[in-house]
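None of the values given here were measured: they were computed from a predicted structure.
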Amino acid sequence: MKKGDHLFLVDGSGFIFRAFHALPALTRKSDKLPVGAVAGFCNMLWKLLTDARDTSVGVTPTHFAVIFDYSSKTFRKEIYPDYKANRQAPPEDLVPQFGLIREATRAFNLPCIELEGYEADDIIATYARQAEAIGADVTIISSDKDLMQLVTPNVHMYDSMKDKQISIPEVIEKWGVPPEKMIDLQSLTGDSTDNVPGVPGIGPKTAATLLEQFGDLDTLLARAHEIKQDKRRESILAAREILPLSKMLVTLKTDTPVGVPLGDLELKPQDGPRLVAFLKAMEFTSLTRRVAEVCGCDLASIEPAEVPIEWNGKAHGPDLDDPAAEAKAAPVTTPKEKSPGNGAGEIGQDAAHLPKAFAEGRAAALAARPVDHSTYETIRDPAHLNRFLTLVRETGLVAFDTETTSLDAMQAELVGFSLATIDNRTDPSSGTISACYVPVGHKSGTGDLLGGGLVENQIPIKDALAALKDLLEDETILKIGQNLKYDALLMRRYGIAVRAFDDTMLISYVLDAGNGTHGMDSLSERWLGHTPIAFKDVAGSGKGAVSFDQVDIARATAYAAEDADVTLRLWLLLKPRLAAEGLMRVYERLERPLVDVLARMEERGISVDRQILSRLSGELAQSAARIEDEIYELAGERFNIGSPKQLGDILFGKMGLSGATKTKTGQWSTSAQVLEDLAAAGEPLPRRIVDWRQLTKLKSTYTDALPGYIHPQTKRVHTSYAMAATTTGRLASSEPNLQNIPVRTAEGRKIRTAFIAEPGNLLVSADYSQIELRVLAHAAEIPQLVQAFADGIDIHAMTASEMFGVPVEGMPSDIRRRAKAINFGIIYGISAFGLANQLGIERSEAGDYIKRYFERFPGIKAYMEETKAKARDLGYVETIFGRRIHYPEIRSSNPSVRAFNERAAINAPIQGSAADVIRRAMIRMEPALEENRINARMLLQVHDELIFEAPEAECEKAIPVIRQVMEHAAMPAISMKVPLAVDARAAKNWDEAH
DNA sequence: ACGTACACCTA
DNA sequence: GTAGGTGTACGTC
């Protein structure tokens, strides 16, 4: 090698991993041998070598080598046994490709270099420095940041997959430091994938800032005490000992004993026939043809090469019938959930036959069969789909998941769907799970102007929907989903009903409310010990996000089929627990039937008048602007009123007002409470702030945000109800949240006038009166309360009368207000602190109230103590319908954590029972209306209120039916000791109906 | 871009 | 004192 020569060094090992994950999972047609990375590698080499011939473009290599890792035993492992310790075994599909890529390198007539004890990066570093010393140029074909430390004016990197050169400016742009400081930067940040320790909390940005400031790592360490940020300084000082080790690990060796001298890396002519023979063996038809053309070989006459392959020849993972896994599993009984709806009656029997070990046994069996992406099929033709559906019909159950263009089921378009089933219904623990993905609406990334650029080889959407309709509407096939309401609503929009289903999210919610969240990812982590592919890793996030139809089908298959696979596994684990733990009724009566009800409500949406909101927004803007001027005047300067920080500085710094309190982070508190107190002390500014906040809150959260939720086609607003978001059984509403539309102030109530009925219709609002206090009266069996509700007496006045000895007739409003606060406090798990806060009285006085209340209502005290004891003993409390809410931290040694959990545990049965009641009402409502031939559509639920839309002429008939259903919703499961009362009214808009 | 704090709307 | 969701500011990456 001489000055002016150009050495190309390909990071073979790096390429394999990157290509495997970035490129479609291609398999050899004849035997399903995975060859995606090999194909990518061959195409890349071919391109590099052909470009090299064309001397008019780019750089021309004179020397060329492909470098590989030899094994995981390296000198780094010697000095630090944890190095790359958390690296997982390569995916099964990748394993055979390591050898194949070496074979490919030889077929290209290129040197294939590896060295025991060293990583490819060290060999690359050594050659690069040697060549540089001679005066040659070097191009490293890799995008690995670990190699960036090698970049100099003569050593460049080239990312072949992105066709991007990485030289000094690119390194600085990406990492904020020049290449020679990359070692210091990597030492500081460490590398979680390779298990290289670094400074916790220091990422690339901070590291770059520090290196910019101090020059290099040694100086930084020597002058670490000068770092201003406390936390940063402490972390660096604490990591002082470990940093030299990190540096050793990230520093590439430039003196590895490479056996092949530089000169031997000279680029030799292409051996056309040899390369064609190899490519033919790989069955890469188009590349084979191209190579044959360029090399002038006769394609037909060349026999495929005999390529040695280290491959077990199987397309699936560990043996599912592994006797060891079998032995670990408990005896298995057959769950009888094939026909939904028959589960509720079997609680007794099933509980006896389903030992706790059952679920654990299944967990063990499933854990022994790790999720294996390589087994997933992409289904691209109807025949293939039919084969899969035959398997599904034999089994009678299938996990089902849709992939769409949007998280909003009302806007989403179907892009594909995944299915997973199991081949052995009698003993699902040992059956083989098959999962597939059926793309139907993937578009090509370039975005064809005509026809939307649908990717080829997808089942036509019409045919796919027909097949889905057959499957989903079939009562004899159990569909298993995770948050099926989403998929069901989507399918409804395509005219397809989902009949006979289970929902793993809801099963988990019934089993484990209070024990973490119920999303698929968290359930998978918790029960399967498996982290599914993150959506953002498939579709990107933030600015780089693409909708699912833009995702490469191979990646989509891995992601989507995995979701169905995981859902099926979760169902196998969780479903048996329902019966075993006596929760089948809760699931069958309070959860599953609500799915369709909510899907319909979401689909209907509610009409919102844009003009009204727009007019309100203008008014609010004007009022706010007026107040703003006054605020600046009073403050003596302009500032961001919306910034509590700036506001605090004005009020308590500049103006020096007294009565300041701090938030838990040490900022001045500018809460409404604080501002009210200041206003009461005669300060004019705080009142303005409170007013300004009210106006801007109404404007930004409601009048400005709501129009954005008007659906372009339906012209209505469709909220989304979360069934498993709260711990107590309540629903949650989002996008938009229609459960927090203002009502308290006259100003806020105006927002409600924008929620209107269609012409000729009215909105009917029906709400439970005092449902939580009624539930409390029932559950705690409080005679006075029961009597008061039976007599229809004002409950707060009655409470006040009992406590303060004032007659109910002519009750002073302030006394009643206090009693009302106490009643609410009881429901919330009262504390003197909280009551004092609420009423603005001393804690001691609040304590006295509570004491007096408990004296008058000893049953409440007893009930609260019983509830706390139950939570402590069992870890959960229950609603009157048997819904369980867990409090895993109820026995915390931290008194405030414990007290918080106790209050929540007291509240949960009350709030939760009320939530159960309205769920029952909602489930019965539509059949009841239909039976009475009333065309009223249930639109919204706001915890104790239901909102309907009905033709004007039918409202009078509708109200008694609605009231009847709601008031008797607890029956026959529970015969309540107090009547439930419902107020209902019809009007043109929500404000007047409420 | 993302997470957290704060504030504030509801039952 | 319970249960939620959302908008804005602001700090971090």
Answer with base, sugar-phosphate or nothing: what part of the nucleic acid does Ala208(A) contact at a heavy-atom distance below 4.0 Å? nothing

Separation of Gln739(A) atom CD from dC9(B) atom P, in whole Å? 17 Å

Describe the nucleic acid contact of Thr206(A) in one word from base, sugar-phosphate, nothing, applying a heavy-atom distance below 4.0 Å. sugar-phosphate

If you check the Ser831(A) side chain, which of dG1(C), dT2(C), dC8(B) turns out closest? dG1(C)

Backbone N/O of Lys662(A) and side chain of Ser669(A): donor-acceptor pair under 3.5 Å: no

For the CD atom of Gln739(A) and the CD atom of Gln941(A), what is their distance to the nearest 0.5 Å? 5.5 Å

Phosphate OP1/OP2 of dA7(B) contacted by Thr670(A) side-chain N/O (<4.0 Å): yes

Thr663(A) side chain N/O closer than 4.0 Å to the phosphate oxygens (OP1, OP2) of dC6(B)? yes

DNA chain C: Tyr702(A) or Ser643(A), which has the more 5' nearest nucleotide? Tyr702(A)

Give the rounded distance in Å between these two atoms: CZ of Phe824(A) and C1' of dT10(B). 12 Å

The test is side chain to side chain donor-acceptor pair (under 3.5 Å); show your working for Ser913(A) and Arg774(A) and say whether it passes. CA-CA 10 Å; Ser913(A) 299; Arg774(A) 287 172 199 262; over 6 Å; no

Heavy atoms of other groups near Leu407(A) CG, more than 12 under 6.0 Å: no

Using a heavy-atom cut-off of 4.0 Å across all strands, would you classify Gln646(A) as base, sugar-phosphate, or nothing? sugar-phosphate

Of dT10(B), dG1(C), dA3(C), the nucleotide closest to the side chain of Leu835(A) is dG1(C)

May I have the distance from Tyr509(A) (atom OH) to dG4(C) (atom C1'), rounded to whole angstrom? 11 Å

Here the pair of heavy atoms bringing Ala779(A) nearest to Ile880(A) is CB-CG2, 4.4 Å

Under 4.0 Å, heavy atoms only, any strand: does Ile830(A) hit a base, just the sugar-phosphate, or nothing? base

Any base atoms under 4.0 Å from Ile826(A), or only sugar-phosphate, or nothing? Heavy atoms, all strands. nothing

What's the closest nucleotide to the Arg693(A) side chain, out of dG4(C), dA7(B), dA3(C)? dA7(B)

Among dG4(C), dC10(C), dC9(B), which nucleotide sits nearest the side chain of Arg744(A)? dC9(B)

Look at the side chain of Asn640(A) and decide which nucleotide, out of dG4(C), dT10(B), dC10(C), has an atom nearest to it. dC10(C)

Among the candidates dG7(C), dC9(B), dA3(C), find the nucleotide nearest to the side-chain atoms of Gln911(A). dA3(C)

Nearest-Å distance for atom pair CG/P, residues Leu731(A) and dT10(B): 19 Å

Just to confirm, is there a sub-4.0 Å distance from OP1 or OP2 of dC2(B) to any side-chain nitrogen or oxygen of Ser541(A)? yes

For dG4(C), does OP1 or OP2 lie under 4.0 Å from any side-chain N or O of Ser734(A)? no

Could you tell me how far apart Leu651(A) (CG) and dC6(B) (C1') are, to the nearest whole angstrom? 15 Å

With a 4.0 Å cutoff (strictly under), does any side-chain N or O of Arg730(A) reach OP1 or OP2 of dA11(B)? no

Rounded to whole angstrom units, what separation is found between the CG atom of Leu695(A) and the P atom of dC8(B)? 12 Å

Candidates dG7(C), dA3(C), dC9(B) - which lies nearest the side chain of Ser700(A): dG7(C)

Quick one: label Ala832(A) by what it contacts on the DNA or RNA (base, sugar-phosphate, nothing), any heavy atom closer than 4.0 Å. nothing

Donor-acceptor check, side chain of Arg687(A) to backbone of Glu676(A), threshold 3.5 angstrom: yes or no? no

Check every atom of dG5(C), dC10(C), dG1(C) against the side chain of Arg903(A) and return the nucleotide holding the closest atom. dG1(C)

The nucleotide from dC2(B), dG4(C), dT2(C) with an atom nearest the side chain of Asn740(A) is dG4(C)

Measure from the side-chain heavy atoms of Pro742(A) and tell me the nearest of dC6(B), dG4(C), dT10(B). dT10(B)

Looking at Gln694(A), does any N or O in its side chain come under 4.0 Å of the phosphate oxygens OP1/OP2 on dA7(B)? no

Reckon Gly642(A) touches a base, only the sugar-phosphate, or nothing at all at heavy-atom distances under 4.0 Å? sugar-phosphate

Can you tell me how far P of dA3(C) sits from CD of Glu945(A), to the nearest Å? 22 Å

For Ala915(A), report the nucleic acid contact type (base, sugar-phosphate, nothing); a contact means any heavy atom under 4.0 Å. nothing

By the 4.0 Å heavy-atom rule, please label Ala672(A) as base, sugar-phosphate, or nothing. sugar-phosphate

Checking Arg818(A) against Tyr849(A) for the side chain to side chain donor-acceptor pair (under 3.5 Å) test, could you report, in this order, the C-alpha distance in whole Å, the side-chain angles of both residues, the deciding distance, and whether it holds? CA-CA 9 Å; Arg818(A) 290 175 196 221; Tyr849(A) 284 0; 2.3 Å; yes

For the backbone of Gly834(A) and the side chain of Ser831(A), can you confirm whether one donor and one acceptor N or O come within less than 3.5 Å of each other? yes

Rounded to whole Å, please give me the gap between CD1 in Ile751(A) and P in dC8(B). 16 Å

Donor-acceptor pair under 3.5 Å: do we get one between Lys697(A)'s side chain and the base of dC9(B)? no

